[in-house]
Amino acid sequence: MRTLFYSIRYLMKGKENSLIRIFSLALGLVVGVVLFSRIAFELSYDTFYPEADRFLYSF
């Protein structure tokens with residue numbers, strides 16, 4: 001409980017810097033989730049075929 005209070009108090013001291021830090025953290029998390037979902041989609045969109053492992057690297 002004390003650590004939460006100290007962290008909120010620290011964030012309230014430098015409001016401009018804290019806002020930039022929180023925004024950049026949120027933006028980084030969103031970009032990470034989007035990249036992860038894009039890679040997961042690219043790796044799995046052909047797996048619904050019955051013999052998908054035969055055609056994965058056929059070119």
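What's counted below: heavy atoms across the whole structure, side chains too, no hydrogens, waters or symmetry copies.
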(message) Starting from F36 and following side-chain heavy-atom contacts under 4.5 Å between hydrophobic residues (I, L, V, M, F, W, Y), which residues can be reached?
(response)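 Direct or chained contacts put F36 with none.
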
(message) Checking one residue: F5. Which other hydrophobic residues are in its cluster under the side-chain 4.5 Å linking rule?
(response) Y6

(message) If the condition is salt bridge (Lys or Arg N to Asp or Glu O under 4.0 Å), which residues does R2 pass it with, not counting sequence neighbours?
(response)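 Counting only residues at least two positions away or on another chain, R2 forms no salt bridge (Lys or Arg N to Asp or Glu O under 4.0 Å).
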
(message) If the condition is side chain to side chain contact (heavy atoms under 4.5 Å, CB included), which residues does L25 pass it with, not counting sequence neighbours?
(response) L29

(request) With sequence neighbours excluded, give me every side-chain hydrogen bond (donor to acceptor under 3.5 Å, both in side chains) pair touching residues 26-37. (result) none

(message) Under the side-chain hydrogen bond (donor to acceptor under 3.5 Å, both in side chains) definition, can you give me all pairs with a residue in residues 21-34, not counting sequence neighbours?
(response) Y10-R21

(request) Please list all pairs passing the salt bridge (charged side-chain N to carboxylate O under 4.0 Å, His left out) test where one or both residues lie in residues 5-14, with sequence neighbours left out. (result) none

